[in-house]
Enquirer: 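Dropping a structure here in structure tokens format, bear with me for questions.
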2 protein chains.
Amino acid sequence: MTTSERLVESTRELLWERGFTGTSPKAILQRAGVGQGSMYHHFTGKSDLALAAIRRTAEVMRATADTALSGEGSACDRVRAYLLRERDVLRGCPVGRLTMDPDVIADPALRQPVFETLDWLRGRIAGILREGCERGEFDAGLDPEGTAAAVVATVQGGYVLARAAESPAPFDTAVRGVLSLLAARATGPAPTA
Amino acid sequence: MTTSERLVESTRELLWERGFTGTSPKAILQRAGVGQGSMYHHFTGKSDLALAAIRRTAEVMRATADTALSGEGSACDRVRAYLLRERDVLRGCPVGRLTMDPDVIADPALRQPVFETLDWLRGRIAGILREGCERGEFDAGLDPEGTAAAVVATVQGGYVLARAAESPAPFDTAVRGVLSLLAARATGPAPTA
DNA sequence: GTCTATAGTGTGATAGAC
DNA sequence: GTCTATCACACTATAGAC
């Protein structure tokens with residue numbers, strides 16, 4: 001791993017744990033085990049390094065979500081696979097948590113990958129649900145866009161509830177709830193959600 | 001307004017805007033228009049002041065939510081009233097945003113009011129849905145706990161999506177989605193969600 | 001390309017005058 | 001009760017040696 005890569009990885013971890021405001025260059029350097037000079041040689045500063053880290057994290061999250069969503073089965077099965085995939089719930093979403101960071105939201109360059117990732121996810125799920133509707137997998141009138149937004153929001157909000165409770169339980173309950181509501185709209189032999 | 005109250009109000013605003021880590025005593029004092037001595041006279045430090053501010057914010061949020069949830073109508077109507085109540089969506093939830101602040105979550109005293117508020121909200125909505133089930137307002141098998149968690153998570157996650165997009169639209173879409181899923185479970189003449 | 005040294009500013013808290 | 005002065009330390013960035 002190059003010095004540059006080590007810096008990006010350390011930044012990714014710290015942004016996830018502490019956010020942008022809560023992460024100092026000093027902490028990044030200590031975790032990466034490099035001196036200050038290296039950071040300012042490879043990057044123009046904290047924001048530039050954060051941008052590289054956020055872009056990488058967004059890329060990883062997108063790939064992970066797409067794997068779960070691209071599996072076999074009905075639209076409902078694929079959304080279920082996404083919702084029930086393994087997660088380190090108490091750590092929260094490395095992309096979503098950045099939206100609570102005013103310095104990230106205020107900087108268009110930093111906000112863009114955050115927006116693009118969540119927007120892509122919403123659109124991906126909406127597309128799957130729309131296909132499901134066209135195939136008659138759901139009863140008439142299911143709102144693919146609204147449902148997709150609710151699914152993504154449930155995950156993001158589930159992290160909030162779990163971190164407040166210091167327990168993954170509220171996350172799991174919320175996921176169970178939205179899955180149950182969705183499964184009730186599926187036609188055919190109702191799978192136990 | 002007393003000096004102490006001014007300090008708490010300034011802290012509430014700043015915690016909402018910038019979180020605990022992103023808020024300095026200096027910023028609080030400037031906004032409140034008082035000197036440093038006043039703060040350390042009334043409070044032991046930043047955390048103590050934040051605790052007073054968080055408790056007050058939690059109290060306000062609980063009252064606001066309870067007003068919307070205590071209205072007339074069916075269980076579905078009351079949850080709808082809560083979901084559709086006016087919100088400054090792009091500011092996010094003043095309680096929920098604190099869960100992304102590692103220093104808040106790490107301090108049991110600061111985390112407690114955050115947890116209690118969100119847990120109360122979940123329980124309140126679950127109770128309303130349970131009553132609705134008992135009155136036959138929903139078709140059999142609606143999961144009150146799961147649905148309530150999904151409703152609260154959708155709101156919290158809706159803020160995340162809205163802030164990422166710098167637009168309230170994704171929040172509104174998610175709320176429409178979860179409401180549509182819930183309304184489909186209501187018996188009788190389906191109200192257009 | 002990486003290091004240490006240094007600078008200037010801000011943070012969170014204390015001391016002591018009024 | 002409120003103010004200003006001061007403290008020790010951390011933050012972000014730059015300079016310049018190696």
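Letters go in sequence order (proteins before strands), and every chain restarts at 1. All values reported here derive from a predicted model rather than from experimental measurement.
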Enquirer: Between Thr3(B) and Pro25(A), who's closer to the 5' end of DNA chain D by nearest nucleotide?
Expert: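 Going by which nucleotide is closer to the 5' end, it is Thr3(B).
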Enquirer: With heavy atoms of chain B within less than 4.0 Å as the criterion, where does contact along DNA chain D begin and end?
Expert: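 Result: dG1(D) to dA5(D).
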Enquirer: Quick one: does any side-chain atom of Arg78(B) pair with a main-chain N or O of Leu69(B) as donor and acceptor, under 3.5 Å?
Expert: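 Answer holds: yes.
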Enquirer: Compare the minimum distances between each of dT6(C), dT14(C), dT11(C) and the side chain of Ser24(B), then state the nucleotide with the smallest one.
Expert: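 Of the candidates, dT11(C) comes closest.
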Enquirer: Is it possible for you to check whether Arg97(A) lies under 6.0 Å from the centre of the six-membered ring of Trp16(A), through NZ or CZ, and within 45° of that ring's axis?
Expert: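 Judged by the rule, Arg97(A) and Trp16(A) form no cation-pi pair.
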Enquirer: Can Asp101(A) and Thr21(A) be counted as having a side-chain donor-acceptor contact under 3.5 angstrom?
Expert: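 There is such a pair (donor and acceptor under 3.5 Å, judged by atom type) between the side chains of Asp101(A) and Thr21(A).
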Enquirer: In residues 39-49 of chain B, what residues come within less than 4.0 Å of DNA chain C, judged by heavy atoms?
Expert: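 When residues 39-49 of chain B is checked for heavy atoms under 4.0 Å from DNA chain C, the hits, listed by number, are Tyr40(B), Gly45(B), Lys46(B).
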Enquirer: Hey, are the side chains of Leu179(B) and Arg176(B) touching, using non-hydrogen atoms and a 4.5 Å cut-off?
Expert: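 Contact flag for Leu179(B)/Arg176(B) side chains = no.
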Enquirer: When you measure from the centre of the six-membered ring of Phe20(B), is the NZ or CZ of Lys46(B) under 6.0 Å away and within 45° of the axis?
Expert: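 Flagged: Lys46(B) positioned over aromatic ring of Phe20(B).
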Enquirer: When you compare the side chain of Arg111(B) with that of Asp107(B), does any pair of heavy atoms fall below 4.5 Å?
Expert: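 SC-SC contact between Asp107(B) and Arg111(B) ruled out.
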Enquirer: Within the supplied structure, the quantity of interest is the number of heavy atoms (other residues, nucleotides, ligands) at a distance under 6.0 Å from Arg6(A) CZ; does it exceed 12?
Expert: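 Enclosed.
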Enquirer: Side chains of Arg91(A) and Tyr159(A): donor-acceptor distance under 3.5 Å anywhere?
Expert: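 There is no such pair between these side chains.
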